[in-house]
Amino acid sequence: MTSAPIKPAVSSPDRIQSIQRRTLAVLSAAQIVGGVGVAVGLALSSVVVDELSGSTVISGFAGTATVLGAALLALPTARASSSGGRRSGLALAYVAALAGCAISVAAISLRSWPLLLAGLVLVGGGSAASLAARYSATDLSPQGHAARHLSLVVWASTIGSVAGPNLAKPADQIGMRLGLVEKAGPFAFAALAFALALVIVFGLLRPDPLKLARDLDGAQTGKPGRTRTIRTAWETLRTTPMARRALIMIAVSHTAMVSVMSMTPVKLHHDGSNLDVIGLVISLHIAGMYVLSPVVGWLADRAGKVPVLVLGMALLLGAAALAGTAGPRVWQVTTALVLLGLGWSCGLVAGSALVSESVPLDRRPAVQGLSDLLMNVCGATGTIVAGAIVGLLSFGALGLMVGIMVAAAGLWLTAVWRTARP
């Protein structure tokens, strides 16, 4: 059954452009608010798990639980988007995050670290929503603008990522004044942030960008209960080599970034750096990830997605080389972490835009969901493997292995790209 014809007033280029500007503004606002929820909730998660369990080893599962949650929720979010539009998919992810925060508050009150880890899995819905939002920005993008529009939503994450951790302490103090136990306040505050993001998306993301794009394209919406997200994604990837390459590069970029970033605080601590220095290095790394993303998006649209992906691999290679040979030199580690963030930004922005442009509109949510699933699984695996490498060998060995991985990926992409060019 075909979609009903779009009214001329709605389908006119000026009207679509206006709707897209509104869509980007709404998604950016949700990213800022939801980003605060993610950051403030995670700022103390490992510390709380450590206190409740009495085990530093178990405390490491706090971050793993959230990443795992983002991975597990990627496909349900994509399925909901495919059947009900972007608003439904994002709402599902934010509702999961909101429920996770409520469970976390209860777990801290009951002093139950297993329950807290269960809550943190659902809190990963906030990250799933953040990743899905970047794809939502491309549904109504005109030809040659997908990377730019996507990068603006990615950039909005900067505000929440930077502001969130600084709000953890005030939120804890306010929570205790309201009768919550110590360290439950940040999760209650995160719940409010996710609730506000839910209201923004569900109330203001109208018309739904994916539904409107499908109507304009004449594509059919997947039927609820019959959409097999993984099967649809794999079938699409088998016949779309460029989308396969983009997914691989996103996964490699994220694995390289998470692997080095996760072990850098440990390396700096062992070298004698204090918490202020470690915090500054990580802050500059986050700035590298997000602040220049609009520039990366512009470059990807102008120069091409594949060249920017290759540039990202080169930046990640440079970061791995600098980090692995830094020794006790903090300035070199800092430079490496900034380059690491920039390389990740190139991989995420250019790769995600290439996925959106390479896949038919009616199959995009499925492929995008699989992309986010693989990205988060690779991130979680990267942290575990990186810890083992540093523990058994050294931080320098980690830099070498990451460098080999990204160099191989960059050379492979360059080779297949040149072969595929006319």
Any [X] side-chain heavy atom under 4.5 Å of [Y] side chain:
X	Y	result
Ser157	Ser130	yes
Val390	Lys267	no
Val296	Val308	yes
Leu212	Ile19	yes
Met257	Met289	yes
Val338	His285	no
Leu348	Met375	yes
His149	Thr138	no

Judged by atom type as modelled, is there a donor-acceptor pair below 3.5 Å linking the side chain of [X] to the main-chain atoms of [Y]?
X	Y	answer
Arg302	Gly144	no
Ser18	Asp14	no
Asp139	Pro209	no
Arg148	Trp298	no
Gln20	Ala137	yes
Arg364	Ser356	yes
Asp372	Ala74	no

Say you draw a straight line from [atom1] of [X] to [atom2] of [Y]; how long is it, rounded to the nearest 0.5 Å?
X	Y	atom1	atom2	result
Thr66	Asn376	OG1	CG	10.5 Å
Glu235	Thr240	CD	OG1	11.0 Å
Leu311	Leu299	CG	CG	7.0 Å
Trp155	Ser28	CH2	OG	8.5 Å
Leu210	Leu140	CG	CG	8.5 Å
Thr77	Leu131	OG1	CG	9.5 Å

How about Tyr135 and Ser371: does a side-chain donor come under 3.5 Å of a side-chain acceptor? yes
Show, in sequence, the C-alpha distance, side-chain angles and deciding distance for Arg363 and Thr232, and conclude whether the side-chain hydrogen bond (donor to acceptor under 3.5 Å, both in side chains) test is met. CA-CA 7 Å; Arg363 293 179 172 240; Thr232 299; 5.2 Å; no
May I have the step-by-step check of salt bridge (charged side-chain N to carboxylate O under 4.0 Å, His left out) for Asp172 and Lys183, ending in yes or no? CA-CA 5 Å; Asp172 189 29; Lys183 294 187 175 64; 5.4 Å; no
Over all heavy atoms of both residues, which pair between [X] and [Y] is shortest? Give the atoms and the distance, please.
X	Y	result
Val355	Ala246	CG2-CB, 3.6 Å
Met261	Leu340	N-CD2, 3.9 Å
Ser259	Ala386	O-CB, 3.5 Å
Leu52	Ile108	CD1-CA, 4.5 Å
Ala30	Ala197	O-CB, 4.0 Å
Lys211	Gly84	CE-O, 3.0 Å

Worked verdict on Leu316 versus Met313 for side chain to side chain contact (heavy atoms under 4.5 Å, CB included): CA-CA 5 Å; Leu316 291 170; Met313 294 302 107; 3.8 Å; yes
Does Glu51 pair with Arg111 as a salt bridge, N-O distance under 4.0 Å? no
Taking NZ, NE, NH1 and NH2 as the nitrogens, is one of them in Arg214 or Asp208 under 4.0 Å from a carboxylate oxygen of the other? no
Only one of Lys305, Glu357, Arg134, Gln368 clears side chain to side chain donor-acceptor pair (under 3.5 Å) with Ser352; which? Arg134
Carefully, step by step, assess Phe189 and Val36 under the rule side chain to side chain contact (heavy atoms under 4.5 Å, CB included). CA-CA 9 Å; Phe189 183 84; Val36 169; 3.7 Å; yes
Where do Leu315 and Cys346 land on the side chain to side chain contact (heavy atoms under 4.5 Å, CB included) test, with the steps shown first? CA-CA 9 Å; Leu315 290 170; Cys346 289; 4.1 Å; yes
Determine whether Arg87 and Arg206 satisfy the following criterion, side chain to side chain contact (heavy atoms under 4.5 Å, CB included), listing intermediate values before the conclusion. CA-CA 8 Å; Arg87 198 164 56 245; Arg206 298 173 183 274; 3.5 Å; yes
Aromatic rings His254 and Trp344: how do their planes relate, parallel, tilted or perpendicular, breaks at 30° and 60°? tilted
